[in-house]
Structure formats: C-alpha cells, structure tokens
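This report refers to the structure that appears directly beneath it.
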Amino acid sequence: MNVTISNTSEKPIYQQIYEQISALILKGELESGYCLPPIRQAALELRVSVITVKKAWEELERTGLIHTVTGKGCFVADFTSGEMLETRDQLILKQLATDAAYYKSFGLTLEEVIELLKKVYD
Amino acid sequence: MMLALDIRNLHKKYTDFQIRDVSFQLEKGYIMGFIGANGAGKTTTIKSILNMIRIDSGEVYVFGKNMAEHETEVKQQIGCAFGDIDFYTRSRIKTVTDITKKFYKNWNEETYSDCLRRFKLDENKKIAELSTGMKVKYSLALALSHGAKLLILDEPTSGLDPVSRDDLLDLFQELIVDGEISILFSTHITSDLEKCADFITFIDNGQIVASAEKNEFMESYRLVSGSEAHLNEVKERLISYKVNSFGFTGLIRTEDFDPSSKLNASMPSLEEIMIYFAKKEGLYV
C-alpha cells in the first residue's frame, strides 16, 4: 500500500491519507477483505500522530470503504461495482467543487473551463 | 479513558515571573507537545509537575495518583530527560547507572542492556563525552529500564542536528506504539511536533492558551492577510498582526473570522501561532 504525505500541502494530513487510501480502494488496488495495518503501527510507519491515522480510518469508515471488526482490525468493505462507482463519483465531485470555486474566482464560464481542461487532459 | 497526567490549577509565583492556573491532561498512550517561547513557563511547569520546585497551589495526578501524597511511588512510573542538564559529567555511564538503579523497585537489567545496544551507548564512556543526543538517549535508557510509563522530557530535541532529531522522534513514536507509554515533551522547535504529536499544550506568559488535539488546535486559528485598507475591518479581532508594503498578515481565532470576508485565510503552522502570540505580548518587535 503506497501512501505519500506532503507536509507542505494545505490539506490536513488525515485528509491526505484518507484520499489516497480511498483512491487505492476505488481503483481496486486494495481488494475487499484487505486488512489495514493497526492504527498505532500505521502512525509509526507513516510518521504521523496516532490521532491523525485514527481520523483517516474513521473517515474511511464513514464513507463505507472500510469496516471495523472489534479486536481484529479494519478491513476493506465488500461492495458491488455500482456502489464503487457511486463512491468514486462522490469523491470526484467533491474535488471538482473545490476546483470550480477556484475557476469561478477568475470569472471563467463553464465552456471556457472545459476548453482549458481539454488542453491538459491528454 | 485513562489519564497518564492530570494537572490542575498550578500556581507558582517568583518575584519577576509566575505561572498561573496551569491545567491540562494527557491521555495514556499519546504524545503531547508542550510549546511556548523561551521564558513562557515550560520548564517551571515541568519542574512543578516533578516536585522539583515547590508550587504555591495546585495538584498533580499521575495515573490517578496524587503526586504530593504518593511522590516516591509515583516517581517509579516517571522517566525524565532534561536537554541541557549535566549530571556527574566526570563519571562513567556504568557508575551513574549503578547509583540510579538503586532507587527503582522494578529495574530490569535485561531492558537496560537492550537499550544500551539499541542506542549504541558505551557503558565505559564518561557522561561528559556523550553528545547531546546520546545524553537524551541515556536518560531514556534509564527511564525505560525502570519501567517508566510516563516520560516527561524538557527540550529533548534542542541542540540536536536534524538527523539526530529525526532519529529521536522516530524512537518516541516507537515507544508509544503499544499504547502503554505516554510522552510529554516540551520544545520550541515546533516542526518536531507537527508530525508526531497527538496533543498540543501551548503556554504563553505563564498561562495555558490552549490544550487540545493537534489538528483541532491548529484549525482553531486562521492566518489572514489582506490589503492595509482591510485591516481596520478586523483589527480588533486579531490576536496580533504585521504590516508591510504588501498589506498585513495577522492571526485570528477561527470563531472570530468571517469566512465571507474578502481576506485570504490559511491554516497557520504551530510556529506562526507561537510567533503571533509572542508579538501580542510585545516581547519581540
């Protein structure tokens, strides 16, 4: 499992961990039933605080991406491909909303944004 | 939830300085960073906790036990390290250890030799020959060997180069991994805490400004900037601010900040929070 943390990013660290692990799950790189490392172990390895990892895991659980089995650990949840797409779209929309606010601050129209997006997309 | 450390309403008055109503709690199994500028009261607080100075009033509980009533017993569970204090500098490590272990009921020789090996400490070296980092590690070796569950470290990373600091922080995180050991460590090098600390307690001018989970603490402030014309709108709500030819930058409590205003707002670093508070006191201009 590959997670990279940036200390210079404006994003809180737990958010970075949450986003990267969600992406890994949604891309199918972490399969359902995969056992995430224990919170304290993950904190040590990622060099972040215990509470930071706890928050990231809680967020993953809230989104329904993982579930906790008391005494055993956190596992990647089982979901249908339909559910997976839905969660993926939710994540993408959240990111798009942030980006859209930025474009709007320059007064760009949707058409203008799409034109610009086309230039960088491939 | 078990509290490793529970400090209630400490007061200590000197002729030219005092700590007032210092209270905070550290949950078992976590790291708390104790921050503040030089002279803010960090060491006075730590010495009060350890009963190294006599407090005027207040109470200290370690794992639920009152320090004043059970000092000898409670101290079996505490390990401490002071970055800048030198003890018995001309003695060999071996000699200091032999004296130290007599005070502890649960001294574990095996743990001790493990620590020496792991920290690459040579028992025949004199204390004076140890580098700053090695001295801290030696204090930790003593603490771990007597089974300390609460580590109180005063500026353990000051005076260390970035590599040794990183090494030490790694060690702190390893120590708390099974949730048994708790660490309170004071520092003015806040970047050390941004990663590994779970909780932050911030002392300024002898009083606790905040004691909270680290992210919550940082999110409770905003660093705002804008043109000088905008300064008047927020001036009285700012903790302090700086003005230059590009405009102003100031620190504000998130609850006092109006998100619909045109000002730029970002999350401050621990260092920025400390700097703007110090500026408020007019200590630095």
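Keep in mind that this is a model prediction, so the values were computed, not measured. Only this structure's heavy atoms are used, side chains among them; waters, hydrogens and symmetry mates stay out. Labels below follow one simple rule: chain letters A, B, ... track the order of the sequence lines, proteins then strands, and each chain is numbered from 1.
Taking all atoms of both residues into account, the shortest heavy-atom contact from A/S49 to B/C196 is CB-O, 3.6 Å. Residues A/P12 and B/E219 come closest through the heavy atom pair CG-OE2, 4.3 Å. Between A/T52 and B/K214, the shortest heavy-atom distance links the atoms OG1-NZ, 4.4 Å. Contact detail for B/I176 and A/V50: the closest heavy-atom pair is CD1-CG2, 3.7 Å.
Rounded to the nearest 0.5 Å, atoms CD1 (A/I51) and CD (B/E27) are 6.5 Å apart. One distance of note links NZ of A/K11 with CE of B/M267; it measures 13.0 Å at 0.5 Å rounding.
No donor-acceptor distance shorter than 3.5 angstrom exists from the side chain of A/Q41 to the backbone of B/V177, with no hydrogens or angles considered.
Within 6.0 Å of atom CD in A/Q20, more than 12 heavy atoms from other residues, nucleotides or ligands are found, so the atom counts as buried in its surroundings. Residue A/E86 places its CD atom among 12 or fewer non-hydrogen atoms of other residues, nucleotides or ligands, all under 6.0 Å distant.
Every residue two or more places apart in sequence or in another chain was checked for a salt bridge (charged side-chain N to carboxylate O under 4.0 Å, His left out) with B/D258, and none qualifies.
You'll find the side chain of B/E213 stays beyond 4.5 Å of the side chain of A/K54, heavy atoms only.
For the set B/L169, B/D178, B/L193, the count of heavy-atom pairs under 4.5 angstrom toward chain A peaks at B/L169.
Relative to the six-membered ring of B/F172, A/R47 misses at least one condition, a distance below 6.0 Å or an angle of at most 45° to the axis.
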